[in-house]
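See below for the structure under consideration.
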Amino acid sequence: MAHTAMSGTGTTAGDDPLQTAVWRLRSRACWADAAALIQPLAAAPALQRASLLVERCLYTEQGWAEAEDALRTAEALAQSDDERGAAACERGQLAYAATLLGVRDRADEARAALGRAAALLAPGAPGRALLDFRRGLLAENLAHAPQAARAAYRRAHAGATAQNDALLLSFTWRHLAGIALREGELAEARHGFAESLRIREELGYLVGTAPALASLADAETEPEASRLRAEAGRLFRLLGGVPLWLADQLSPPAATA
């Protein structure tokens, strides 16, 4: 399962207090509360608000109408190519989430929106790494093309490294490791999953830590695998059963307790 990744603004001391508050709420699965702090009076805050609500859809399978409304506002306020490209990227992610979770088949819309974003965002644009990551998600989970997904994730990984985007790196590490695991490359998978977990713990990204623990467990042997799953289950319950899809990855006792 994949997540929306944003820049992680607000994760370090000295950041804008508003962004710090938004990050703390987001990292604890309080997306609606985080979005309520943002006034969508210009393109940048409107896009951030929309991305929060899109992420909520992917983690909770709820809030689709609110995300659509926020996205339309962001699209209306976008003026530059970068802003229009970022809005198209969010549009593609929302359509991808709806398709992946079985809400409605919007795969064609997802591909079209991400294609539009690719035409608008220059190779070195700030949003390009995130776009590459999301194109990898489509390739992996909708087109079932792991080689194309790996290439897209590697581009995203390089872009996130160049931009010092630690949160996005945690996603690229995890998804590259997932492909490695399915191909039987256990050492590579363990390394990638461990890096993803390390970054998320350092950032305090609680809602993403349980999935990282569960993924690392899949690459480990007993008794370490059971320990990691138990810790993932504890965090999963602490956050009220979010992300919803993680229940299927955890052992039945951890997922249903």
Least distance between heavy atoms, Ala232 atom then Leu250 atom: CB-CD2, 3.6 Å
Salt bridge check: are Glu75 and Arg72 linked by an N-O gap of less than 4.0 Å? no
Ion pair present between Glu66 and Arg49, side-chain N to carboxylate O less than 4.0 angstrom? no
Taking everything shown except Glu222 itself, do over 12 heavy atoms lie less than 6.0 Å from its CD? yes
Establish, yes or no, whether the cationic atom of Arg200 lies under 6.0 Å from the six-membered ring centre of Phe171 and within 45° of the ring axis. yes
Report the relative orientation of the aromatic rings in Phe133 and Tyr153; use parallel for angles under 30°, tilted for 30 to 60°, perpendicular for over 60°. tilted
Applying salt bridge (Lys or Arg N to Asp or Glu O under 4.0 Å) to Glu68 and Arg91, what does each step give before you reach the verdict? CA-CA 8 Å; Glu68 288 282 359; Arg91 169 67 64 189; 2.7 Å; yes
Closest non-hydrogen atoms of Gly192 and Trp173, given as atom of the first, atom of the second and distance, are O-CB, 3.5 Å
Stepwise side-chain contact (heavy atoms from CB on, under 4.5 Å) test for Phe193 and Leu228: CA-CA 12 Å; Phe193 287 140; Leu228 290 166; over 6 Å; no
Are Val207 and Leu244 connected, step by step, through hydrophobic side chains (Ile, Leu, Val, Met, Phe, Trp, Tyr) whose heavy atoms are closer than 4.5 Å? no
So CD of Glu195 and CG of Leu169: to nearest 0.5 Å the spacing works out to 9.5 Å
What is the minimum heavy-atom distance between Leu142 and Thr99, and which atoms define it? CD2-CG2, 3.9 Å
Start with the C-alpha distance between Leu121 and Asp82, add both sets of side-chain angles, then the distance that settles side-chain contact (heavy atoms from CB on, under 4.5 Å), and finish with yes or no. CA-CA 6 Å; Leu121 293 172; Asp82 280 357; 3.8 Å; yes
Where do Ala149 and Gly136 come nearest, in terms of heavy atoms and distance? CB-O, 3.5 Å
Could Glu185 and Arg190 be called an ion pair, given the rule that one side-chain N must be under 4.0 Å from one carboxylate O? no
Nearest-0.5 Å distance, CZ of residue Arg134 to CG of residue Leu138: 10.5 Å
Same cluster or not: are Leu213 and Leu238 linked, directly or through other Ile, Leu, Val, Met, Phe, Trp or Tyr residues, by side-chain heavy atoms under 4.5 angstrom apart? yes
Indicate if Leu120 and Leu71 have the same hydrophobic cluster label, given that clusters are the connected sets of ILVMFWY residues with side-chain heavy-atom separations under 4.5 angstrom. no
To the nearest 0.5 Å, how far apart are CD in Glu55 and CD in Glu90? 9.5 Å
Would you sort out whether Glu188 and Arg150 count as a salt bridge (Lys or Arg N to Asp or Glu O under 4.0 Å), showing the intermediate values? CA-CA 13 Å; Glu188 182 181 345; Arg150 178 190 280 116; 5.6 Å; no
To the nearest 0.5 Å, atom CG of Leu94 lies from atom SG of Cys57 at 5.5 Å
If every non-hydrogen atom of Leu53 is compared with every non-hydrogen atom of Ala32, which pair is closest and at what distance? CD2-CA, 4.5 Å
Given Trp245 and Leu100, is the side-chain contact (heavy atoms from CB on, under 4.5 Å) satisfied, shown in steps? CA-CA 11 Å; Trp245 48 261; Leu100 189 70; over 6 Å; no
Name the orientation class of the two ring planes belonging to Trp23 and Tyr205 (parallel below 30°, tilted from 30 to 60°, perpendicular beyond 60°). parallel
Supply the atom-to-atom distance Arg116 CZ to Leu131 CG, rounded to the nearest 0.5 angstrom. 11.5 Å
So if you build clusters from Ile, Leu, Val, Met, Phe, Trp, Tyr with side-chain heavy-atom gaps below 4.5 Å, do Leu181 and Leu197 land together? yes
Do Ser196 side-chain atoms and Ser170 backbone N/O form a donor-acceptor pair below 3.5 Å? yes
Minimal non-hydrogen separation, Pro45 against Ile38, with atom names: O-CG2, 3.3 Å
So OG1 of Thr20 and CG of Leu25: to nearest 0.5 Å the spacing works out to 11.0 Å
Arg104/Glu109 salt bridge by N-O under 4.0 Å criterion: no
Check ion pair Arg198-Glu202 (N to O, under 4.0 angstrom): yes
